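Accompanying notes for the structure given below.
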2 protein chains.
Amino acid sequence: MTDRTGTNATPIKTAITGEDGVDLSIIELLFFAYRDFTSDPDQILAEYGFGRAHHRVLHFVNRMPGLTVAELLDVLQITKQSLARVLKQLIDTGHITQVQGEFDRRQRELYPTEKGRSLALALARPQSRRIRAALGSSSATEREGIERFLKAMVNPELRAQIDKLPGNASGKEHGNE
Amino acid sequence: MTDRTGTNATPIKTAITGEDGVDLSIIELLFFAYRDFTSDPDQILAEYGFGRAHHRVLHFVNRMPGLTVAELLDVLQITKQSLARVLKQLIDTGHITQVQGEFDRRQRELYPTEKGRSLALALARPQSRRIRAALGSSSATEREGIERFLKAMVNPELRAQIDKLPGNASGKEHGNE
DNA sequence: AAATTTATGTCAGCCTTGTTGACATATTTA
DNA sequence: TAAATATGTCAACAAGGCTGACATAAATTT
């Protein structure tokens, strides 16, 4: 007999399992791995009064110097109003500078300053250390398997963004450095 | 000549690279992979007026039925006030029920209802589909490499949480089950 | 040349989800 | 009986998303 709301509030006491072949273990591994992966830079950021949003902006400006505001919005997939707040702070604190576009003077090209470059590196270092430790004794082949998997997790339309980053050229597998 | 604020705002035009052996490509792959991985359930959640916080609570209550509030706080690493809001909504909408602890009646054991179980599965399915597609033709060995890497990314003290989940027993590598 | 579109900026207000601090209640433990 | 514990709840605040509206300058189209 169910209750008057039509809801059956009977507790289910058995754990969910990969009933329909649902891959729970990798789902959870991704959750925990990402949670701890992002916790590394959080402490450094706090000293600057910055958050993760600043980190992402700073990272991609360092990786793609000269990218425009519109391009950055595309990578981050947020609205310009969201970006504006953190970008303004990064500019005011001298981590990023804007340069008027050479051909299209409406555009603002974003570049890191020395200060911004150095902070970006400081943020990347503990993350990189964690990755190196996690790879541990993995072979080059294993590393490739991991990279292939992670890249395949990205929406196909957006994989181009990854290829655009220096060192991630799609021609990589052909050995042309 | 630097400006009067002592800040050198000169734009750096070269992209950051793995200068000190910093592993930028995996850092970025994790960012993009996680971004798209979490976008799958977001659409379903929106139909219920739920967010990612609800998803996490629902997921772990389904994976560890009967866990107490304190245990859940430990897994999620948030404060009880944060949890209270979303948990209340999940209880009010009949996705989760509370049962008074049998031995310690101060405790509230959390269980999914049929409704909650079914939503948890609906949320896991597209994520699982994405994972399956990403694994593609990967061999069992490759999958193990990926799982080992992700697990190693988690803080050592917290790896116990993963082992506690059904199907993730640490004895797995001995081939039992 | 005028009209339209585009790239960016900005103001105002709202939502979710995290935080801290304080305090209440029931229950268990010392 | 007193103290500690598990949970709940109130209030206030912050970060970082969002939408909608409007402004400006520059490029493009008509």
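What's counted below: heavy atoms across the whole structure, side chains too, no hydrogens, waters or symmetry copies. Predicted model only: the values in this text are computed from it and were never measured. Letters A, B, ... mirror the listed sequences (proteins, then strands); counts begin at 1.
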Note to self: Between Ile131(A) and Met153(B), does the side-chain contact (heavy atoms from CB on, under 4.5 Å) criterion hold? Intermediate values first, please.
What the structure shows: CA-CA 7 Å; Ile131(A) 290 168; Met153(B) 287 291 287; 3.9 Å; yes

Margin query: Could you walk me through whether Glu71(A) and Met64(A) satisfy the side-chain contact (heavy atoms from CB on, under 4.5 Å) test, starting with their C-alpha distance in whole Å, then the side-chain angles of each, then the deciding distance to 0.1 Å, before giving a yes or no?
Written below: CA-CA 10 Å; Glu71(A) 284 167 341; Met64(A) 310 162 75; 5.8 Å; no

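Here dA27(D) presents its P atom at 12 Å from CD of Glu102(A), a figure rounded to the nearest Å. Regarding Lys88(A), its NZ atom lies at a distance of 17 Å from the C1' atom of dG16(D), rounded to whole Å. Here dC14(C) presents its P atom at 16 Å from CD of Gln81(A), a figure rounded to the nearest Å. In this structure, CD of Gln43(B) is placed 14 Å from P of dC18(D), rounded to the nearest angstrom. Atom CD of Gln89(B) is separated from atom C1' of dG8(D) by 16 Å (rounded to the nearest Å). The separation between Arg105(A) atom CZ and dA26(D) atom P is 5 Å, rounded to whole Å. Between the CD atom of Gln100(B) and the P atom of dA6(D) there is a distance of 15 Å, rounded to whole Å. Counting to the nearest Å, the C1' atom of dG8(D) and the CG atom of Leu110(B) are 13 Å from each other.
Aromatic pair Phe60(B)/Phe31(A): centroids less than 6.0 angstrom apart.
For Gln107(A), counting side-chain heavy atoms from C-beta on, the closest listed nucleotide (dT7(D), dC18(D), dT8(C)) is dT8(C). Of the candidates dG18(C), dT7(D), dT8(C), dG18(C) carries the atom nearest the Ala53(B) side chain, counting heavy atoms from C-beta on.
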Check the interface with nucleotides 23-25 of chain C: list each N/O to N/O pair with the protein under 3.5 Å, or write none.
none

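Taking the centre and axis of the six-membered ring of Tyr111(B), the NZ or CZ atom of Lys13(A) falls inside the cone set by 45° and 6.0 Å.
Each of Arg85(A) and Arg108(A) was assigned the nucleotide of DNA chain C with the nearest heavy atom; the assignment lying further toward the 5' end belongs to Arg108(A). Each of Glu109(B) and Thr79(A) has a nearest nucleotide on DNA chain D; the 5'-most of these lies closest to Glu109(B). With DNA chain D read from its 5' end, the first of the two nearest nucleotides for His54(A) and Asp104(A) is the one closest to His54(A).
On a pure distance criterion of 3.5 Å, no polar donor-acceptor pair joins the side chain of Arg106(B) and the base of dT7(D).
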For residues 95-102 of chain A, which side-chain N or O atoms pair as donor and acceptor with protein atoms under 3.5 Å away, sequence neighbours left out?
unit_1, atom_1, unit_2, atom_2, d
His95(A), ND1, Thr93(A), OG1, 2.7
Gln100(A), NE2, Arg105(A), O, 3.3

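No side-chain heavy atom of Phe32(A) sits under 4.5 Å from any side-chain heavy atom of Leu158(B).
Tested against Asp23(B), the residues Arg130(A), Arg132(A), Arg129(A), Arg143(A) include a single salt bridge (charged side-chain N to carboxylate O under 4.0 Å, His left out) partner, Arg143(A).
Residue contacts for Phe50(A): at a heavy-atom cut-off of 4.0 Å it reaches no nucleic acid atom on any strand shown. Across all strands, Gln98(A) comes closer than 4.0 Å only to sugar-phosphate atoms, never to a base (heavy-atom distances).
Dashed line: the shortest gap from a side-chain N or O of Ser82(A) to OP1 or OP2 of dG16(D) is not under 4.0 Å.
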